[in-house]
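All remarks here apply to the structure that follows.
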Amino acid sequence: MPASASVSSSSSHHRASPDLLVRLGSTDPEVKLRALREVKNQIIGNRTKKLSFLKLGAVPAVAAALDAAQSELLIQSAAALGSFACGFDAGVRAVLDAGAFPNLISLLSYPDDKVVDAGARSLRMIYQSKLAPKYDFLQVENMEFLLSLLSSENEPFTGLGASIIIHSCQTDIEQNTLCHAGVLKKLINLLEGSLSQRDGSLESLATIMKDNPEAASKFVSESGRALSSVIDLTKDRYPRTRLLASMCLIVIRNTSPCHLQDIGIKTKLVYLLLELLDDPGQVGEEASFVFSSLITQKEDLQKLAFKANALDKLHNQLLNYSSHPRRFQGILLVLADLCSNLESCRSKFLSLKALKLVTNALTNDNADVRAAACICLRSVSRSIKNLSAGHFTNEVIVIPLVRLLHDPCTSVQVAALGAIGNIVVDFTTHKSTFVKCGGLKLLVQLSKSMDPTMRLKALWALKNLTFLADNTCKEGILLELTTPLLSSLICDPEASVQVQALALVRNLVDGCINSVEYAFAENDIILDAIGRQLQSASKAEIGIQGMYVLGNIASGNEFHKDAVMHQLIPQVNDGDCSFIVKFLRSNDSQLRTAAIWAIINLTFPSSPGASSRVIKLRNAGIVSQIKTMVNDPSVDVKLRVRTALGQFMAFSDGSA
Amino acid sequence: MPVRVVEAAAPSQVSGANSGQTLPPACTLLSVGQAFSGTQNVSSLQKDEAWRVNVRIQGCDLEHGYLCGTMEALNVPMADTPVVTFWEGEIVDTKNYTFFTGKWEATPEDDIRHWTKFPSFSPLVSQVKVDGGKSLDLSNYPYIFMRWKEQYFVNVGTDCGLTIAGFYYVCFSCSDGSISGFYYDPNSSPFQKLELKSTNEGRSGFSFSSYELQ
């Protein structure tokens, strides 16, 4: 009910009153104008007021004034609509739902400059929201219009042009179309313009060049001063300009590193962003995400950041900003990047006692923060030194992480699976903590998910949990997972899931010799599934993991070895050569290595049936294939071939 | 200056300034999960003594020349239980690390004195004396040289009366997975020899497990 929004307030001036709605609909232009002004003045910068007017249904009434003939009415209507849309998605939606968008566009060709100005400002606000309609750059007239906006002397016009690019340029086709139409040149000119023009231009340039080496090269070669202008703007007195200039340089560097080789600029960017992190407002918030894009997957930059004491600063920020979700998320992601490669960073992180703060963030109300905390834990738990000491398998960390496997948000579940996958590697006997917390049950559940990423990550974690696990732990895993489920996962439609399932079996049958029996449960269905997968292996990695499973089984007793022989050389030969010969001939040295190890185990000198297996292998053409590999380019393969040939010789009276 | 080639398997010298790929071979016998057992000779002038030792590889990162694992000493006289330590290794790949230790109180002379105890080091010695081996290409060499440094006690306190102040010079044979090493600590008996063999834990063959960090 619209009337319910009219709360009883002592001051009629600050109330979204139904009376105002009536006046907005008045046929008297003076009354209407006053009402529009009143709405505009009340909602500027006031989110609560915007919501209150929205609920009252004021937006369609304001938008209706765009049909008027008087300039002043048009100006006030456009300004009020722009205010509704400014930084407020519900407002943008209401303006769009009221059908105001095409009318605002048509204001841009109105004969009165002030009207045009108001229309451009309003549209700019709308384009700053994700909800704005996508602008089609591929239409010739649209591109012409965009170029005219960017060429204008008028600040609201150039601002609108930049907002359109930032909002709608997403694909490389769009990026290239903008480049070819001459947009880069216009944007470079705007780098010399006013503050808002510079900022708009920098952000647009970053949008156009992101992951597009062609665009980055065109920008650098467009004019001798283009790149140096951006570099100069990293020293601008306005923090937002400095941030956007550094963002632009990072985009260029990440897209085409050849353009920014200088170590000096890398160091400057690190220090600049660390300084911008101190900004208490939006610049500080965004700085963490920009910083993350600078150092992610770049060990040299992570080293520079470490030397610049980034960890101390980020630790302080963690303490100060835990109640600001977006900033907190950004800081956690930067910490994750910093700790992703360098042990020195992880060690410093742990010495600062930052682990406790990150663990607390696992139960944060905000899903993005929870996911970022998991990603951070995943990076820190790459430290084998600390995994080996069992530092991550205490209940304080494991219990909240396991709970996140239930999280309503998929991205949090996936991030939690990533952290758990590392933590369960644990080389000590603490794997039981994870199982006791119900983690195993949940991982098995997620391995049945319809979502392939979830199945992949869950199996990955189960594989790591099985690594060097004792028999009790392995029995528990197989009891929960069940033999039929495991064999169906070996044949999963996704190759990456098959690889993880095979690697899990590889770990399952490793260790104590009794473990080999796991592969023979329930009428050998696991072993048969592996044989089938290897016969039709679509990726080298499937062959590698599958051959290690067979190799591990072949290190068991005579019965085990003969079962592997049966997989390698089926009784009924349909004319195709066995998959093992294909693997031995593979270009992938790891696959050749895995295959040759299985042969070494099958012909292991101390086993009684070795000699008859050598004969079978020779008859199947496998021995002659191995003989061709004595000069294999891989040292590992070459040495294993020597071992295998030595073993064949022992059973063949020197004639092998 | 070209290095003297002793046999066909001797390492070649990297030509030119651009050394390219010189990482040692990825050897399956030195991969994560692999176990080794043997002895460490801790004899002194007073008595002959050897401790049984088990080693397990827990991490391997060839890109950074890094290896780590645990070492378990079984019949340590002053301990009630086997003593387990965690160690980290530097792989001499001439990219991340050379034959010169440059720390842990080891001078280049100490380094050469220890490395020359390994017969497989002899084809390298002349070049190592020049530049620590920086210009050698070990990528096809069937031996991997490392330094293992114990970092902490896993199952006993630091008050156990034992020290992990020193480090090991280690040579791993890619052919059979055997490991020999010499413990170096200026304050302990010199040249305590470590000898380990790849174990197959009761199997008739070799078994390989794996994990991957994300």
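Remember, it's a predicted structure, so these values are computed and weren't measured experimentally. Letters A, B, ... are given to chains in the order of the sequence lines, protein chains preceding strands, and every chain is numbered from 1.
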For atom NZ of B:K149, is the number of surrounding heavy atoms from other residues, nucleotides or ligands below 6.0 Å larger than 12?
yes
If you count every heavy atom of other residues, nucleotides or ligands that lies below 6.0 Å from A:E517 atom CD, does the total exceed 12?
yes
Below 4.5 Å from any heavy atom of chain A, which atoms of B:E88 appear? Answer side chain, backbone, both or neither.
side chain
Flag, side chain of B:Q58 to backbone of B:V32, donor-acceptor distance under 3.5 Å:
no
Can you tell which of B:F118, B:Y169, B:F145 makes a ring pair (Phe, Tyr, Trp, His ring centres under 6.0 Å) with B:F99?
B:F145
Please classify the contact of B:F208 with chain A as side chain, backbone, both or neither, using a heavy-atom distance under 4.5 Å.
both
Side-chain donor-acceptor pair under 3.5 Å between B:S204 and A:K561, yes or no?
yes
If you tally heavy-atom pairs under 4.5 Å against chain B, which of A:G421, A:S607, A:G418 wins?
A:G418
So, the part of A:V509 with a heavy atom under 4.5 Å from chain B: the answer is backbone
Between A:S388 and chain B, with a heavy-atom cut-off of 4.5 Å, which part of the residue counts as in contact: side chain, backbone, both or neither?
both
Is it the side chain or the backbone of A:L602 that comes within 4.5 Å of chain B heavy atoms, both, or neither?
neither
Given the options B:E212, B:R56, B:E201, which has more heavy-atom pairs under 4.5 Å with chain A than any of the others?
B:E212
Given that the side chain runs from C-beta out, which part of A:R642 has a heavy atom under 4.5 Å from chain B: side chain, backbone, both or neither?
neither
What do you reckon, are the aromatic ring centroids of B:F167 and B:W148 less than 6.0 Å apart?
no
Who wins among A:A419, A:G511, A:A503 for the most heavy-atom pairs under 4.5 Å with chain B?
A:G511
Any side-chain donor paired with an acceptor under 3.5 Å for B:Q127 and B:S135?
yes
Just checking, is any N or O donor in the side chain of A:S340 or A:D337 under 3.5 Å from an acceptor N or O on the other one?
no
Tell me, for A:L417 versus chain B, whether the close heavy atoms (under 4.5 Å) come from the side chain, the backbone, both or neither.
backbone
Do any N or O atoms from the side chain of B:E150 and from the backbone of B:T70 form a donor-acceptor pair under 3.5 angstrom?
no
Ranked by heavy-atom pairs below 4.5 Å to chain A, first place among B:V154, B:N155, B:V84, B:L29 goes to B:L29
So, B:S207 and A:N552: side-chain donor and acceptor under 3.5 Å apart, yes or no?
yes
Side chain from CB out, backbone as N, CA, C, O: work out which of these in A:Q590 comes under 4.5 Å of a heavy atom of chain B, or both, or neither.
neither
At a 4.5 Å cut-off on heavy atoms, which part of A:L468 comes close to chain B: side chain, backbone, both, or neither?
side chain
With a 4.5 angstrom heavy-atom cut-off, which part of B:N200 approaches chain A: side chain, backbone, both or neither?
side chain
Select one option (side chain, backbone, both, neither) describing which atoms of A:Q500 are under 4.5 Å from chain B's heavy atoms.
side chain
Given the options A:I513, A:L508, A:N464, which has more heavy-atom pairs under 4.5 Å with chain B than any of the others?
A:N464
